[in-house]
Amino acid sequence: MDIAEEQRAFYGALLDQYGDDPRALSHRDQATQYERFHRLARVFEHEQGPFSVHEIGCGMGHFGEFLERHHPGALYSGSDVHPSFAEACARKFPRGSFHTRDVVASLPPERYDFLTLSGTFNVRLSATPEAWRGFVQGMLRAMYAMCTRGFAVNFLTTFHDPEYTRAELHYEPPGALLDFVVGQLSRFWELDAAGPLYEYTLRVYRPEHVRARHADPAFTRYFKPASP
């Protein structure tokens with residue numbers, strides 16, 4: 001069973017058990033779910049006007065509900081490997097477009113201002129650490145290609161109480177992650193481990209977006225010339 005198939009089976013079983021509830025997405029409760037959402041949303045906290053947000057692993061659209069409450073200027077859409085999740089989101093958010101697809105296996109043509117992903121990297125299940133590392137890096141590449149401004153994702157941290165370690169979960173070393181991000185994607189990033197959870201949030205920005213936000217000529221030397 002490949003990673004996408006195992007995720008479909010895992011989250012499908014949670015959906016059957018819990019229905020429209022944070023636990024169907026492997027969150028403990030709404031409080032911890034919304035703590036993650038607030039930190040992901042900081043990737044677009046400086047936006048002044050409307051912008052698009054595409055959630056990978058959109059689940060039941062709880063992040064879309066969060067956006068309606070806290071960021072009403074966001075146009076929400078999403079992708080999920082489980083069709084029941086994408087269909088539920090389409091019913092909840094008729095203005096958005098929702099897709100059943102594996103964006104790592106086949107990069108979609110659509111582009112969005114921002115992308116987010118919450119919790120998908122945590123539950124490794126039976127995948128080997130090497131296979132999971134390839135999945136994580138492939139997903140980060142896909143999200144960077146699909147965004148025009150930036151993306152945000154979260155990980156379980158390696159800096160946690162050992163008694164909570166579980167073999168089926170993935171704990172991402174921040175140093176190795178940043179080596180990949182800077183080497184393969186962008187030097188403009190934020191790492192946020194200031195919350196109460198044993199997790200951290202990675203926010204990555206495209207150079208052209210950072211440059212647009214820092215238009216003063218004093219900063220020109222820090223950016224490469226735009227590609228023709």
Side-chain angles (χ1 to χ4, degrees), residues 3-4 7-8 10-12 14-15 18 20-27 30 32-45 47 50-123 135-136 138-155 185 190 192 199-206 209:
I3 288 174
Q7 286 188 323
R8 271 191 292 271
F10 175 75
Y11 288 106
L14 291 180
L15 177 62
Y18 295 113
D20 192 350
D21 184 279
R23 291 172 293 179
L25 285 306
S26 201
H27 295 280
Q30 190 182 72
T32 53
Q33 183 187 47
Y34 269 47
E35 165 65 17
R36 297 178 181 105
F37 289 171
H38 279 292
R39 295 187 182 278
L40 291 170
R42 290 179 182 173
V43 74
F44 42 75
E45 66 181 353
E47 296 303 306
F51 55 93
S52 59
V53 179
H54 190 79
E55 184 182 19
I56 303 296
C58 55
M60 298 299 294
H62 298 155
F63 187 58
E65 295 168 353
F66 167 87
L67 292 176
E68 287 183 334
R69 183 181 307 175
H70 298 282
H71 299 274
L75 176 60
Y76 175 66
S77 62
S79 298
D80 204 289
V81 295
H82 198 293
S84 294
F85 286 138
E87 291 163 5
C89 286
R91 290 190 297 268
K92 284 186 178 182
F93 308 98
R95 291 178 58 235
S97 57
F98 296 90
H99 309 268
T100 302
R101 60 188 178 187
D102 179 351
V103 302
V104 177
S106 180
L107 185 68
E110 296 87 1
R111 297 295 177 263
Y112 310 90
D113 294 327
F114 297 97
L115 276 84
T116 65
L117 173 152
S118 185
T120 298
F121 292 145
N122 297 348
V123 186
F135 167 70
V136 169
M139 181 65 78
L140 296 181
R141 286 192 184 96
M143 293 180 72
Y144 188 70
M146 293 172 67
C147 76
T148 62
R149 302 183 191 179
F151 73 81
V153 300
N154 48 35
F155 292 92
L185 304 179
E190 296 173 322
D192 180 357
E199 302 179 15
Y200 61 88
T201 301
L202 168 72
R203 298 183 287 269
V204 178
Y205 302 89
R206 283 193 162 273
H209 177 55

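Using a cutoff of 4.0 Å between basic side-chain nitrogens and carboxylate oxygens, R149 and E47 are scored as salt-bridged.
Interatomic distance, CG of L115 versus CE of M143, reported as 5.0 Å (0.5 Å rounding). Taken from CG in L75 to OG in S52, the straight-line distance is 6.5 Å, to the nearest 0.5 Å. Between atom CG of residue L14 and atom NE2 of residue H27 there is a gap of 11.0 Å, rounded to the nearest 0.5 Å. Between atom CE of residue M60 and atom CD of residue E87 there is a gap of 10.5 Å, rounded to the nearest 0.5 Å. In this structure, NE2 on H62 lies 6.0 Å from CD on Q33, to the nearest 0.5 angstrom. The distance from the OG1 atom of T120 to the CD1 atom of I3 is 11.5 Å, given to the nearest 0.5 Å.
Although no hydrogens or angles enter the test, the distance criterion places a donor-acceptor pair under 3.5 Å between the side chain of D80 and the main chain of C58. Of the possible polar contacts, none joining the K92 side chain to the G61 backbone as a donor-acceptor pair under 3.5 Å is found. A donor-acceptor pair is defined here as one N or O able to donate and one able to accept, closer than 3.5 Å; no such pair exists between the side chain of R141 and the backbone of L185.
When side chains are defined from C-beta on, T100 does not count as touching H82, because their heavy atoms never get closer than 4.5 Å. Using a 4.5 Å heavy-atom cutoff, the side chains of F121 and M139 are in contact. The side-chain heavy atoms of R203 and D192, taken from C-beta on, include a pair separated by under 4.5 Å. Side-chain contact between R206 and C147 is present, with heavy atoms from C-beta onward closer than 4.5 Å. Under the 4.5 Å side-chain criterion, counting only non-hydrogen atoms from C-beta, V103 is in contact with I56. At a threshold of 4.5 Å between non-hydrogen side-chain atoms, the residues F37 and L67 do not count as touching. Inter-residue side-chain proximity for Y34 and R69 is flagged as met; some heavy-atom pair is nearer than 4.5 Å. The side-chain heavy atoms of F63 and T116, taken from C-beta on, include a pair separated by under 4.5 Å.
With sequence neighbours excluded, the residues that form a side chain to side chain contact (heavy atoms under 4.5 Å, CB included) with E35 are R39, P196, L197. Applying the side chain to side chain contact (heavy atoms under 4.5 Å, CB included) criterion to V123, with sequence neighbours excluded, gives F10, Y11, S26, L125, L169. For S77, the side-chain hydrogen bond (donor to acceptor under 3.5 Å, both in side chains) criterion is met by H54, not counting sequence neighbours. In terms of the ring pair (Phe, Tyr, Trp, His ring centres under 6.0 Å) criterion, residue partners of Y200 (sequence neighbours excluded) are, by chain and number, F155. Judged as a side chain to side chain contact (heavy atoms under 4.5 Å, CB included), and not counting sequence neighbours, the contacts of E110 are H99, R101, P108, Y112. Among residues two or more places apart in sequence or in another chain, the ring pair (Phe, Tyr, Trp, His ring centres under 6.0 Å) test is passed with F98 by Y76.
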Stepwise side-chain contact (heavy atoms from CB on, under 4.5 Å) test for S79 and E55: CA-CA 6 Å; S79 298; E55 184 182 19; over 6 Å; no
Worked check of side-chain contact (heavy atoms from CB on, under 4.5 Å) between L202 and N154: CA-CA 6 Å; L202 168 72; N154 48 35; over 6 Å; no
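Residues D113 and T148 bring a donor and an acceptor atom of their side chains to less than 3.5 Å of each other.
The nearest pair of heavy atoms linking S118 to L40 is CB-CD1, 3.6 Å. Pairing each heavy atom of L107 with each of A145, the nearest pair is CD2-CB, 3.9 Å. Y205 and E190 make their closest contact through OH-OE1, 2.8 Å (heavy atoms, listed as atom of the first residue, atom of the second, distance).
Relative ring orientation between H71 and F66 is described as tilted, the plane-to-plane angle lying within the 30° to 60° band.
Centroid-to-centroid, the aromatic rings of F51 and F44 come within less than 6.0 Å.
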